[in-house]
J.: 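First, the structure itself, so that you have it in front of you.
Since the structure is predicted, the reported quantities are computational estimates derived from the model, not experimental observations.
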Amino acid sequence: MAETLPVIGRPSAHRCQTEVEVTHGVGLHARPSVAFTRLAKTFPCTIEVAVDGSGAWLNGKSIVKIIGARIRRGTRMRIRAEGARAEEAIAALSALVRRNFDEDRKAGRGDGRVDGRPV
């Protein structure tokens, strides 16, 4: 899933990229966007997000950019990171998206449903 690309000229830096589908019931509204950007900020590398084949890369650490992208259920998100701990960042962020931003756990739901609706 995560693709590691060495950065020419900087042997200690790494660049990674992955694509993940958003399966959360309503997409990245406020809480999931905060969870995503809060996690992204824990990594020292640059993190960017592109949505549904868009050529525009957004700052993955900016709550304004992530909420403004209006990322809905079914959207394909590309996440890329460059720098120290890039591989770890990609793995953690893509896992967060796949876990529906841990909202099922916070709501005490283990059945994959959000707000009582099937996912």
J.: With distance as the sole criterion, is a donor-acceptor pair present between the side chains of T42 and R38 under 3.5 Å?
T.: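 Result is no, nothing qualifies.
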
J.: Provide the closest heavy-atom pair for G74 versus E21 in the form atom of the first, atom of the second, distance.
T.: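 Taking G74 first and E21 second, the nearest heavy atoms are CA-OE2, 3.6 Å.
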
J.: Testing the basics here: between V97 and T23, what is the closest heavy-atom pair and its distance to 0.1 Å?
T.: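 Looking at all heavy atoms of both residues, the closest pair is O-OG1, 4.5 Å.
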
J.: Can you see which heavy atom on I79 is nearest to which on I90, and at what distance?
T.: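 Between these two residues, the closest heavy atoms are O-CD1, 3.4 Å.
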
J.: If you link I, L, V, M, F, W and Y whenever their side-chain heavy atoms are under 4.5 Å apart, who else ends up in the same group as V64?
T.: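 Direct or chained contacts put V64 with V34, I63, I67.
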
J.: Do M77 and L28 have side chains that get closer than 4.5 Å, going by heavy atoms?
T.: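 SC-SC contact between M77 and L28 confirmed.
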
J.: May I have all residue pairs that pass ring pair (Phe, Tyr, Trp, His ring centres under 6.0 Å) and include part of residues 29-49, sequence neighbours excluded?
T.: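 Residue pairs with at least one partner in residues 29-49: H24-H29.
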
J.: Can you tell me how far the CD atom of E48 sits from the CG atom of L58, to the nearest 0.5 Å?
T.: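 Between atom CD of E48 and atom CG of L58 there are 8.5 Å.
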
J.: When rounded to the nearest 0.5 angstrom, what is the spacing between CG in D52 and CD in E19?
T.: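 Going from the CG atom of D52 to the CD atom of E19 covers 8.5 Å.
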
J.: What's the spacing between C45 SG and E88 CD if we round to 0.5 Å?
T.: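 Rounded to the nearest 0.5 Å, the SG-CD separation comes out at 8.5 Å.
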
J.: Could you check if a side-chain atom of R98 sits within less than 4.5 angstrom of a side-chain atom of V20, using non-hydrogen atoms only?
T.: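 Touching, per the 4.5 Å side-chain cut-off.
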
J.: To the nearest 0.5 Å, how far apart are CD in Q17 and OG in S94?
T.: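 Separation between the atoms: 12.0 Å.
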
J.: Restricting to non-hydrogen atoms, name the atom on V51 and the atom on A69 that form the minimum distance, rounded to 0.1 Å.
T.: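 Minimum heavy-atom contact is CG2-CB, 4.3 Å.
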
J.: Just verifying a value: how many Å separate I47 CD1 and W57 CH2, rounded to the nearest 0.5 Å?
T.: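 Nearest 0.5 Å value for the CD1-CH2 distance: 12.0 Å.
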
J.: Which heavy-atom pair separates A89 from A81 by the least distance, and what is that distance?
T.: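 Looks like CB-CB, 4.5 Å.
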
J.: Is there a side-chain contact between C16 and R80 (heavy atoms, below 4.5 Å)?
T.: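 C16 does not reach R80 side chain to side chain.
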
J.: For the residue pair K61 and N59, what are the closest heavy atoms and their distance?
T.: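 Here K61 and N59 meet closest at N-OD1, 2.8 Å.
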
J.: Measuring from atom CD1 of I71 to atom CZ of R76, what distance do you get when rounded to the nearest 0.5 angstrom?
T.: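 Spacing of CD1 (I71) from CZ (R76) equals 13.0 Å.
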
